[in-house]
Asker: 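Dumping the structure here so I can ask a few things about it.
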Amino acid sequence: MTLCIDTFSSHSWRETAEGHWTGVMGGRVWTLTQTDDTLWYHVYQRSDRQGEARGRKRRAGVPLQVENKSKKRFKGALKKEEEPVAVTPVQEEEEMLRDYFQLNVDMGDLYNKWGAADPHFQHIAGNFTGVRMLRQDPTECLFSIICTPNNKLSRVHGMVERMCQALGDPLCKLDETSYHNFPSVSALADNSVEARLKDLGFGYRARFIQQSAAKILDTQWFEGLRSIPYLQARDALRALPGVGPKVANCVCLMSLDKTEAVPIDTHVWQIAKRDYSDAPGNGQKSITEKLHRDLGDFFRNLWGSHAGWAQAVLFCAELQR
């Protein structure tokens, strides 16, 4: 099983060696790689000397098929613990990876269901196994994706990196590369941020980032969106400056646990027009809000509760055409 590092939805990772990806997650710097059935990782600890990483790295593995092993481990009734169990650093790190890659989701079962419902998906899926949605930090997800409309992915990567270096807390330095945490909402809401981001090449998006951060500020706001229905969360995001239907659906899907959210962009629209004769909007010349709704409903009816995950598989396939 191949587990994909989705650089289309997360801009915090870079391939630092063949098959090795380094990035920031949960306020820590990680390097990830994988064998057939295990995700291996290093976690770097900051030293006291000029922010350089310590030479010792923790290396441990997380089984990719964690859902199957969990069923075996916890077969039968769970017993109530009399005393709280201390969580070790390794256990904490492994749980962070399981949560980030959503390893509790059985991808084989989902691929089978999507293929049974959709012959086109069945035709494509064999070459794109393991495409798994990341469960990103909502703050990072929102303010990264605000940068994406009318923009190239390579440029977005650079913008996010510059934003982290300018406004995020430094974490460590590896091979002359400095890694920073993603800026907090309060840091992005500062009145000086718009001018600083414009100096870094953000253009009109600088205003949207600062204004949206200023409207949120409450750190519990995102957690509240995770616990409400998809349409309510989408509409709440739409009230923020610079957040249209595509950005709102991306944030819902990639960080707010709304697996049914289907972001519609030119790639997904092209897929619908070319490969699904009964999809709505084939005669339209542009993507309207109605088309966002109608195409989203079309794919939700076709693929079911994890329609956004199925869309990600076809999206990755489209970029490889």
Asker: Just checking Phe121 against Tyr111, ring centres under 6.0 Å apart?
Answerer: yes

Asker: Just checking, Arg300 and Phe298: is the charged tip under 6.0 Å from the six-membered ring centre and within 45° of the axis?
Answerer: no

Asker: What do the steps show when you test Thr22 against Thr31 for side chain to side chain donor-acceptor pair (under 3.5 Å), and what is the final call?
Answerer: CA-CA 4 Å; Thr22 301; Thr31 292; 2.7 Å; yes

Asker: Hey, is NZ on Lys113 packed in by over 12 heavy atoms from elsewhere, all under 6.0 Å?
Answerer: no

Asker: Looking only at heavy atoms, what is the nearest atom pair of Arg132 and Val105, with distance?
Answerer: NH1-O, 3.2 Å

Asker: Looking at every non-hydrogen atom in both residues, tell me the closest pair between Phe182 and Ser144 and how far apart they are.
Answerer: CE1-OG, 3.6 Å

Asker: Give a yes or no on whether Phe101 and Val90 share a hydrophobic cluster (residues Ile, Leu, Val, Met, Phe, Trp, Tyr; joining criterion: side-chain heavy atoms under 4.5 Å apart).
Answerer: yes

Asker: Any side-chain heavy atom of Val247 sitting closer than 4.5 Å to one from Pro149?
Answerer: yes

Asker: Indicate yes or no: does Arg234 engage Glu260 in a salt bridge with an N to O separation below 4.0 Å.
Answerer: no

Asker: If we ignore angles and hydrogens, is there a donor and acceptor under 3.5 Å between the side chains of Thr177 and Asp175?
Answerer: no

Asker: Do Asp257 and Tyr230 have side-chain N/O donor and acceptor atoms under 3.5 Å apart?
Answerer: no

Asker: Check the orientation of Tyr41 and Trp30. Use parallel for under 30°, tilted for 30 to 60°, and perpendicular for over 60°.
Answerer: tilted

Asker: Any non-hydrogen side-chain atom of Val156 less than 4.5 Å from a side-chain atom of Val160?
Answerer: yes

Asker: Measure the spacing between NZ of Lys246 and CG of Asp265 and express it to the nearest 0.5 Å.
Answerer: 5.0 Å

Asker: May I ask you to check whether Tyr276 and Asp118 show a side-chain donor-acceptor distance below 3.5 Å?
Answerer: yes

Asker: Using side-chain heavy atoms (C-beta onward) and a distance below 4.5 Å, is Arg98 in contact with Asn104?
Answerer: no

Asker: Less than 4.5 Å apart, side chain to side chain, heavy atoms only: is that true for Leu167 and Ser184?
Answerer: no

Asker: Quick check for you: to the nearest 0.5 Å, what is the distance between Gln210 atom CD and Leu197 atom CG?
Answerer: 9.0 Å

Asker: Counting C-beta onward and ignoring hydrogens, is there a side-chain heavy-atom pair between His306 and Met133 closer than 4.5 Å?
Answerer: no

Asker: Under 4.5 Å between side-chain heavy atoms, hopping through other hydrophobics if needed: is there a path connecting Val243 to Val193?
Answerer: yes

Asker: Quick one: are the ring centres of Phe208 and Phe202 less than 6.0 Å apart?
Answerer: no

Asker: Among Leu39, Thr38, Thr33, which residue satisfies the side-chain contact (heavy atoms from CB on, under 4.5 Å) criterion with Thr35?
Answerer: Thr38

Asker: Test your reading of the model: is there a side-chain donor-acceptor pair from Lys258 to the backbone of Arg226, 3.5 Å cut-off?
Answerer: yes

Asker: Under a 4.0 Å N-O cut-off, is there an ion pair linking Glu194 with Arg205?
Answerer: no

Asker: Quick one: does Leu314's side chain get under 4.5 Å of His120's, heavy atoms only?
Answerer: yes

Asker: Of the non-hydrogen atoms in Pro183 and Gly168, which two are nearest, and what is the gap between them?
Answerer: CG-N, 3.9 Å

Asker: To the nearest 0.5 Å, what is the distance between CD1 (Ile209) and CE (Met159)?
Answerer: 6.5 Å

Asker: Identify the two heavy atoms, one from Trp221 and one from Ala236, that lie closest to each other, and give their separation to 0.1 Å.
Answerer: CZ2-O, 4.1 Å

Asker: Supply the atom-to-atom distance Met254 CE to Asn249 CG, rounded to the nearest 0.5 angstrom.
Answerer: 10.0 Å

Asker: Do any N or O atoms from the side chain of Asp99 and from the backbone of Glu95 form a donor-acceptor pair under 3.5 angstrom?
Answerer: no

Asker: Could you walk me through whether Val313 and Thr129 pass side-chain contact (heavy atoms from CB on, under 4.5 Å), step by step?
Answerer: CA-CA 8 Å; Val313 177; Thr129 59; over 6 Å; no

Asker: Which atom names give the shortest non-hydrogen contact between Leu217 and Val185, and what distance separates them?
Answerer: N-CG1, 3.5 Å

Asker: Which value, rounded to the nearest 0.5 Å, describes the distance between Gln136 atom CD and Tyr100 atom OH?
Answerer: 5.5 Å

Asker: Would Arg238 and Glu289 pass as an ion pair if we require N to O under 4.0 Å?
Answerer: yes

Asker: So do the side chains of Arg207 and Pro241 get within less than 4.5 Å of each other, counting heavy atoms only?
Answerer: no

Asker: Might you point out which heavy atoms bring Ile146 and Ser212 nearest each other, and give the distance in Å?
Answerer: CD1-OG, 4.1 Å

Asker: Are Arg293 and Asp297 close enough for a salt bridge, meaning some N to O gap below 4.0 Å?
Answerer: no

Asker: Drop me the distance from Ile124's CD1 to Glu318's CD, to the nearest 0.5 angstrom.
Answerer: 8.5 Å

Asker: Quick one: do Leu231 and Leu237 end up in the same hydrophobic cluster if we chain Ile, Leu, Val, Met, Phe, Trp and Tyr together by side-chain heavy atoms under 4.5 Å apart?
Answerer: no

Asker: Decide side-chain contact (heavy atoms from CB on, under 4.5 Å) for Trp40 and Leu32; before the verdict, give the C-alpha distance in whole Å, the side-chain angles of both, and the deciding distance to 0.1 Å.
Answerer: CA-CA 6 Å; Trp40 295 93; Leu32 308 178; over 6 Å; no

Asker: If we only count heavy atoms from C-beta on, is the Met25 to Asp137 side-chain gap below 4.5 Å?
Answerer: no

